[in-house]
Protein chains: 2
Amino acid sequence: MTTDFKRPLVTVDVLIFALLDEALKILLVRRPDEPGDPFPGRWALPGGFVDVAKDRSLQDCAVRKLREKTGVRTPYLEQLGSWGDAERDPRGWSATHAYFALIDAPQRAGADTGAADAQWIQVDEAARKRLAFDHSQILAAALERLRGKVEYTSLPAFLLSEPFTLPQLQHVYEVVLGRPLDKSAFRKRMLDAGFLQEAGMVDGPFGRTAMGYGVIDRQQFAVFPRTFKTKP
Amino acid sequence: MTTDFKRPLVTVDVLIFALLDEALKILLVRRPDEPGDPFPGRWALPGGFVDVAKDRSLQDCAVRKLREKTGVRTPYLEQLGSWGDAERDPRGWSATHAYFALIDAPQRAGADTGAADAQWIQVDEAARKRLAFDHSQILAAALERLRGKVEYTSLPAFLLSEPFTLPQLQHVYEVVLGRPLDKSAFRKRMLDAGFLQEAGMVDGPFGRTAMGYGVIDRQQFAVFPRTFKTKP
DNA sequence: TCAATAGTGTCTATTAGACAATATACT
DNA sequence: AGTATATTGTCTAATAGACACTATTGA
């Protein structure tokens, strides 16, 4: 019978990004500090084995893990890729399916996770850490994908709670890209892309009140016809 | 022990694309016609179980299957994504890792596969077939990714054997996109992108001889700053 | 010479970005 | 009024696409 092959371990890992304190952060967890477990005490991506009884699909599994860690039920969720080889897990040949999620900033950063073993960490700092398994490599891939897509898609909108204003959205772009953008060109681009719908005026602490917006489809991002121009 | 979970089946499937007879084709195989196997006699993507003894990694597994089917050893290979749920394989909870490969046209189409159970099929025709497992869904995703990327990357260059000329490359773009492109704009774009290197003059059957080119890095594609403009 | 294809030049419509000007909020 | 922010308008430089023109091959 063909299913008699020795089966690899199958896991799902989730890269959960949010904007906290003006910075892009990712939720990491500490590996349990027990001798039986691999990488004890090391920071890692939240994740774990697929439960063939509980999880109807890989995506379901990712959603479950996200909900367990953050309580968020309807994030923007995208598959990042899979990593599988004989070496990445000392317990044996294993394959992990990585998803990345963009959520709006949780009100109380640590409290949402319910546990002290989870923590929001700035992405650059996380990228410098030596994470468990091949998670550093996976994080690097996620950041590359995210920063790449921010250049030509509406992804950053998923990091804001609605309604948000265009200046707020621009600020998110600037934080993720690490460079300032022109106000006028930015507005034209966002409005022309047609993924926003007006949601009434909102007023901030100072100055003129601004139009609030929400995204029309929270599962789908808009694609711009060009990337943002790099200053000469 | 945490590894006592019931493990899903793990497979790898490969979407192998090539340009044959002026059309984009994909290599499909027939499922064995034995009663024990799922989807007997149905067309499917080439692939199979990960062999934890033979395969050092998922990518290795994909390369192995590609080589077994086509003899090609150095294709452009990119991970497409993974599909896993309780229903897709009647033998049990299974997860497949899909890779897509772009290869230059094999000299003798059928012969390379060595077997009559494999066949090059036009992508549109393949997309209309009811393939085994969820392979129709995977093929649809691959075509969407491929056609999407052709709009703003140098991917089609991997479908040609080197050296190739710019008119040949333009023709590949036109076949995959299904619409004509302007010669002058096309050349400017390709040459400015800087992924080509000159490789001596090549002469075709008629007309003026043309400059031959090769890609500088066969693992990496170039990204253009804009998509091709859609006619108004 | 012609036919066929490769490669270049010129023009124009479009538009992203720079930046100035105006509008609206709060104190 | 004055300050702070949002929004709109104008100008300009860059450039993709349209298309005509020139160049080079073989017959």
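Per chain, numbering begins at 1; letters A, B, ... match sequence-line order.
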[X] side chain, from C-beta outward: closest of [options]:
X	options	answer
Phe206(A)	dT10(C), dA4(D), dA6(D)	dA4(D)
Thr209(B)	dG17(D), dT25(D), dA16(C)	dT25(D)
Ser184(A)	dT24(D), dT8(D), dA6(D)	dT8(D)
Lys183(A)	dA18(C), dA16(D), dA6(D)	dA6(D)
Arg189(A)	dG7(C), dA6(D), dG17(C)	dG17(C)
Ala210(A)	dA4(D), dA6(D), dT24(D)	dA6(D)

Whole-Å gap separating [atom2] ([N]) and [atom1] ([X]):
X	N	atom1	atom2	result
Arg208(A)	dT3(D)	CZ	C1'	15 Å
Met201(B)	dG26(D)	CE	C1'	14 Å
Tyr152(B)	dA16(D)	OH	P	18 Å
Tyr213(B)	dA6(C)	OH	P	12 Å
Arg187(B)	dG9(C)	CZ	P	11 Å
Glu174(B)	dG17(D)	CD	P	13 Å
Gln170(A)	dT7(D)	CD	P	11 Å
Asp182(B)	dT10(C)	CG	P	16 Å

Does Arg226(B) reach a base, just sugar-phosphate, or nothing at all? Heavy atoms under 4.0 Å.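 The residue Arg226(B) makes sugar-phosphate contact but no base contact.
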
Residue met sooner reading DNA chain D from 5', once Gly204(B) and Gly207(A) are mapped to nucleotides: Gly207(A)

Candidate pair Asp13(B) and His135(B), rule side chain to side chain donor-acceptor pair (under 3.5 Å), full reasoning: CA-CA 9 Å; Asp13(B) 291 308; His135(B) 287 185; 3.3 Å; yes

One thing to verify: whether Arg145(B) and Glu151(B) come together as a salt bridge, which I'm taking to mean a side-chain N less than 4.0 angstrom from a carboxylate O. no

Electrostatic pair Asp192(B)-Arg226(B), nearest N-O below 4.0 angstrom: no

Over 12 non-hydrogen atoms of neighbours within 6.0 angstrom of CZ in Arg56(A): no

When the nearest nucleotide of DNA chain C is assigned to Leu181(A) and to Lys188(B) on a heavy-atom basis, which residue is associated with the more 5' position?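 Counting from the 5' end, the first nearest nucleotide belongs to Lys188(B).
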
Between Tyr173(A) and Phe186(A), ring centroids under 6.0 Å: yes

